[in-house]
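First comes the structure, then the notes that go with it.
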Amino acid sequence: MKTGNYHFIGYATGKSLPDITPCQAKRLTHLNVAFGIVSDSKVSIEGIRRYLGYIKKIRSYNPNLNILLSTGGGNQHGHGPSTKTDEGIQILIKSTMDIVEEFNFDGIDCDWEFPCDRGIMEEKYQHTKLIKGYRDALDKFENKRNKKCWLTIAAGAGKWYLNSTEIDVIHKYLDFINVMTYDMRCGNQPTGHHTNLYEPEGAPISYSADTAVKLFEEAGVPSEKIVIGVAFYSRRWDGVPNVNKGMHLEAKIPGDFGPDYTAIYHIYEKSLGFIKYWDDKAKAPWLFNGDTFISYDDPESIRYKCEYVKSNGLGGIMYWEHSYDRTGILFNTIYDNLLE
């Protein structure tokens, strides 16, 4: 069981890299730079290339910080078509490694978040081949530069994800798995917590970080390889009936991205008629003003997540996304309760 040396992983889009302070760089163990876009068996960083010069400055703040290239992302569907053939997989691996070597990244965070999401079940096995290929390529680069290279993935927090991957096989190639324990309720689903630690009372949809962790462990993933997620942003439903404090209700406007924590802290928790509630069973807060329901992480929910990581011997905590907390409150809460 893991007893220390937890991972503290931040996701930052290219345009967020200038926002990383020297203090934050010293506190993170890993920084995942998002995203290298996957298309036609190639990875493109043209959308973020102009920001990658900041990597050198960030490394000067903390030479021990592991900086990884994240490929793909939740709205990208390039991995499936790019890995349909063994030739395509090799081209994709070479394209990724060319960027890794150009910027001396410390590894790859493969964000093929939803294999088989379009019903193409062969992607389950393409995913495995890609992960193994990345591991082999990174091992060679590791020997070349004489410094560890990391391989991680972003993984969905549900049984559906495990059914779409060979997690029992691929975890052996991975250093750890970033389980996206957020967005667990959104879209046309009823209002509810989107990044809760435990199952809430009476929820029509059953999801929680704790449930996800247990599913991954049951699938054979060692506890110390499981990293759970913190959301620096919210999910928001509008047109919610003014009953039950807005919880577990159908909304006129589906749950979409809501305000980030910066806005929540400065505005939503203090005005606009919102009342803040706390679910002690789920260990999660929410806001409701009679019409709009907002689910998010706050310092209290994060403290419980950090304690959960320690109590269950997990690998650590990651967050999405760095610029969404310009207060630094959530970032510091993770550090103070996980690593301090």
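- Side-chain N or O atoms of D325 include one that pairs as donor or acceptor with a backbone N or O of L330 at under 3.5 Å.
- Under a cutoff of 6.0 Å and an axis angle of 45°, K276 and W278 do not form a cation-pi pair.
- Here F274 pairs with Y268 under the ring-ring contact (aromatic ring centres under 6.0 Å, His included) rule; sequence neighbours left out.
- Contacts of K270 classified as salt bridge (Lys or Arg N to Asp or Glu O under 4.0 Å), with partners at least two apart in sequence or in another chain: none.
- The ring-ring contact (aromatic ring centres under 6.0 Å, His included) search around H127 returns W112, not counting sequence neighbours.
- Defined by atom type and a distance below 3.5 Å, a donor-acceptor pair is missing between the side-chain atoms of D297 and Y182.
- Using a 4.5 Å heavy-atom cutoff, the side chains of R118 and E123 are in contact.
- Applying the side-chain contact (heavy atoms from CB on, under 4.5 Å) test between I177 and each of I226, I167, V227 identifies I167 as the sole match.
- Applying the ring-ring contact (aromatic ring centres under 6.0 Å, His included) test to Y277 and every residue at least two apart in sequence or in another chain returns W286.
- A cation-pi arrangement is present between R235 and F257, with the terminal nitrogen or guanidinium carbon under 6.0 Å from the aromatic centre and inside a 45° cone about the axis.
- For the ring pair (Phe, Tyr, Trp, His ring centres under 6.0 Å) test with H194, the passing option among F293, W320, Y233 is Y233; the others fail.
- In this structure, the side chain of D298 engages the main chain of E300 through a donor-acceptor pair within 3.5 Å.
- Residues satisfying the ring-ring contact (aromatic ring centres under 6.0 Å, His included) criterion with Y134, sequence neighbours excluded, are absent altogether.
- Applying the side chain to side chain donor-acceptor pair (under 3.5 Å) test to residues at least two apart or on different chains, none of the pairs has a partner in residues 255-266.
- In this structure D40 satisfies the salt bridge (Lys or Arg N to Asp or Glu O under 4.0 Å) test with no other residue, sequence neighbours excluded.
- Checked against salt bridge (Lys or Arg N to Asp or Glu O under 4.0 Å), R59 has the following partners two or more places apart in sequence or in another chain: D106.
- With sequence neighbours left out, the salt bridge (Lys or Arg N to Asp or Glu O under 4.0 Å) criterion links D139 to R135.
- Counting only distance, with no hydrogens or angles, the side chain of S301 and the backbone of K283 share no donor-acceptor pair below 3.5 Å.
- A donor-acceptor distance shorter than 3.5 angstrom exists from the side chain of W237 to the backbone of Q189, with no hydrogens or angles considered.
- Checking side-chain atoms of K225 against main-chain N and O of L174 turns up a donor-acceptor pair under 3.5 Å.
- For K305 against L197, the heavy-atom pair with the smallest separation is N-CD2, 4.2 Å.
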For residues 16-30, tabulate all N or O donor-acceptor pairs below 3.5 Å that involve a side-chain atom, not counting sequence neighbours.
unit_1: S16; atom_1: OG; unit_2: T13; atom_2: OG1; d: 3.0
unit_1: S16; atom_1: OG; unit_2: E321; atom_2: OE2; d: 2.5
unit_1: S16; atom_1: OG; unit_2: S323; atom_2: OG; d: 3.3
unit_1: D19; atom_1: OD2; unit_2: R326; atom_2: NH1; d: 3.1
unit_1: D19; atom_1: OD2; unit_2: R326; atom_2: NH2; d: 3.4
unit_1: T21; atom_1: OG1; unit_2: Q24; atom_2: N; d: 3.1
unit_1: T21; atom_1: OG1; unit_2: Q24; atom_2: OE1; d: 3.4
unit_1: Q24; atom_1: OE1; unit_2: T21; atom_2: N; d: 3.2
unit_1: Q24; atom_1: OE1; unit_2: H322; atom_2: NE2; d: 3.0
unit_1: R27; atom_1: NH1; unit_2: N332; atom_2: OD1; d: 3.2
unit_1: T29; atom_1: OG1; unit_2: F8; atom_2: N; d: 2.8
unit_1: T29; atom_1: OG1; unit_2: F8; atom_2: O; d: 3.1

Would you mind writing out the side-chain donor-acceptor pairs for residues 47-58 within the sub-3.5 Å range, not counting sequence neighbours?
unit_1: R49; atom_1: NE; unit_2: E46; atom_2: OE2; d: 3.3
unit_1: R49; atom_1: NH1; unit_2: E102; atom_2: OE2; d: 3.0

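- Distance alone, capped at 3.5 Å, places no donor-acceptor pair between the E113 side chain and the A154 backbone.
- Here the side chains of T292 and D238 are in contact, with some heavy-atom distance below 4.5 Å.
- Every pair tested for ring pair (Phe, Tyr, Trp, His ring centres under 6.0 Å) that includes a residue from residues 201-229 fails, sequence neighbours excluded, so the list is empty.
- Salt bridge annotation for D136-K140: absent, with no cationic side-chain nitrogen under 4.0 angstrom from a carboxylate oxygen.
- Around NZ of K214, the count of heavy atoms belonging to other residues, nucleotides or ligands within 6.0 Å does not exceed 12.
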